[in-house]
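What follows is one structure encoded as structure tokens, with my remarks underneath.
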Amino acid sequence: MMSTAESMADRIDTSYFDLRHTFESAQPLTFHADAEIEKGYMRYSTYDDVLQLRFFGDSRSGSIHMKSLAGMPEHCVEKEVVRRFRLNDDLPKIYKMINTDNAIGNATRHFHGMRLTLNDPWEATLCFIVSQFNNVKRIRLIVRKLIATYGMEIKDKEGRVIGKAFPRSEDLAGATEKELMECGTGFRGRYIASAAKFCTNNLDLYKLNAKDYDSLMENLMEIDGVGEKVADCVALMGYGNLRAFPIDVWVKRTLEKMYFNGKDKNIKYLKEFAQERWGDYAGYAQQYIFWHGREIMKK
DNA sequence: ACCCAGGCGGGCG
DNA sequence: CGCCCGCATGGG
């Protein structure tokens, strides 16, 4: 008789998962995935397949139904989705750890079920280079244009094109700065051209997984166009290093407002404050503070 | 028109 | 070191 686990392999039960908060939280996956939040529908490309997901329930208790368009085996689809949305993270425990005060407690309550995603290291690198001095709407536009222009076609078993993969560094390494700027990248075109060549010829991002946080950061910042903030984002969302605490303009403003009466503090000080306060889960704290801050501070 | 956006590299003191 | 500036582009 078929085991329960096998017969349910196209479905994952979830708790502490919220589709809307996760998809609206400006992470690499969400820059290019498609979602119709009200219908609980989402769709995204892996390297050689397109996955359709349907979410039922709410952030307390729900389920994700999964379908591969190119025939990925069910157990592989499940593994991919669990990994990509970090569904094995113990969110109740993490909330307990990072809810050090009412301010962040409000953020985790308001965005209950928002998950960090785990993305391909190069995907994260490219997305966050695009993100610099930019806004979320336009980041999406640029990332999608890069995929449309440079991504490899994904085909189903009948050979029909069902989507495009996120372009690898080698797919972009031949592009000129000018060509990249035609995708709307602006002054970041130079960084992308340089980073694509560097990550194809000089630095293998897929060999940095075992590195500790400090040497990972050091390696990532060798890439032209990758500074501390982008490296932190890549460490967090490309490598899953939860100690990383990227500080952008929103996180800076929000921390200052929440903990320092709005007084100006430099990045180094704030980062040490955060990593001391939230330790091994600082990255989760950051994601909630980032999104909460945008919510409460935009006029 | 003007301001801002998930920053970075380079130049200056 | 730390600070300050320009940078392409599109939306509010």
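No experiment lies behind these values; they were computed from the predicted model shown. Computed over heavy atoms, backbone and side chain alike; hydrogens, waters and symmetry mates excluded. All chains are named by letter (A, B, ...) in the order of the sequence lines, taking the proteins before the strands, and each is independently numbered beginning at 1.
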Any protein N or O atoms within reach of nucleotides 8-11 of chain B? Criterion: under 3.5 Å, listing atom names and distances.
from  : atom 1 : to       : atom 2 : distance (Å)
B:dC8 : OP1    : A:Gly227 : N      : 2.9
B:dC8 : OP1    : A:Gly227 : O      : 3.3
B:dC8 : OP1    : A:Lys229 : N      : 3.4
B:dC8 : OP1    : A:Val230 : N      : 2.9
B:dC8 : O4'    : A:Gln132 : OE1    : 3.1
B:dG9 : OP1    : A:Gly225 : N      : 3.1

Could you run down the sub-3.5 Å N/O contacts of the protein with nucleotides 9-12 of chain C?
from   : atom 1 : to       : atom 2 : distance (Å)
C:dT9  : O2     : A:Arg138 : NE     : 3.2
C:dT9  : O2     : A:Arg138 : NH2    : 3.2
C:dG12 : OP1    : A:Lys137 : NZ     : 3.4

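- Classified by interplanar angle (parallel below 30°, tilted 30° to 60°, perpendicular above 60°), the ring pair A:Phe187/A:Phe133 is tilted.
- For the pair A:Leu180 CG and C:dC7 C1', the computed distance is 17 Å after rounding to whole Å.
- Atom CD1 in A:Ile192 sits roughly 13 Å away from atom C1' in B:dG7 (whole-Å rounding).
- The aromatic rings of A:Tyr95 and A:His112 lie tilted to each other, with the angle between the two planes from 30° to 60°.
- Residue pairs meeting the side-chain hydrogen bond (donor to acceptor under 3.5 Å, both in side chains) criterion with at least one partner in residues 140-153 of chain A, sequence neighbours excluded, are A:Asp34-A:Arg144.
- Among the duplex regions that DNA chain B forms, those built from at least three successive Watson-Crick or G-U pairs under 3.5 Å are B:2-5 with C:9-12, B:7-13 with C:1-7, ordered by first number.
- Look at A:Lys229 and A:Asp232 and you find no salt bridge, because none of the NZ, NE, NH1 or NH2 atoms lies under 4.0 Å from a carboxylate O.
- Taking every heavy atom of both residues into account, A:Val77 and A:Ser68 meet most closely at CG2-CB, 3.9 Å.
- Using a cutoff of 4.0 Å between basic side-chain nitrogens and carboxylate oxygens, A:Glu78 and A:Arg11 are not scored as salt-bridged.
- Counting to the nearest Å, the P atom of C:dC7 and the CD atom of A:Glu177 are 14 Å from each other.
- The cationic atom of A:Lys265 (NZ for Lys, CZ for Arg) lies less than 6.0 Å from the six-membered ring centre of A:Tyr269 and within 45° of the ring axis.
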Could you go through the side chain to side chain donor-acceptor pair (under 3.5 Å) check for A:Arg277 and A:Thr100 one step at a time? CA-CA 8 Å; A:Arg277 192 177 187 88; A:Thr100 53; 3.1 Å; yes
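- The pair A:Arg115-A:Asp89 does not meet the salt-bridge criterion, since no charged nitrogen lies less than 4.0 angstrom from a carboxylate oxygen.
- The stretch residues 236-267 of chain A does not touch DNA chain C, since none of its heavy atoms comes less than 4.0 Å from the strand.
- Residues forming a salt bridge (Lys or Arg N to Asp or Glu O under 4.0 Å) with A:Lys263 (at least two apart in sequence, or on another chain): none.
- Of the charged side-chain nitrogens involved, none lies within less than 4.0 Å of a carboxylate oxygen, so that A:Arg168 and A:Asp120 do not count as a salt-bridged pair.
- The residues A:Glu179 and A:Arg190 are annotated as not salt-bridged, no charged nitrogen and carboxylate oxygen being separated by less than 4.0 angstrom.
- The aromatic rings of A:His292 and A:His110 lie perpendicular to each other, with more than 60° between the two planes, well past the 30° mark.
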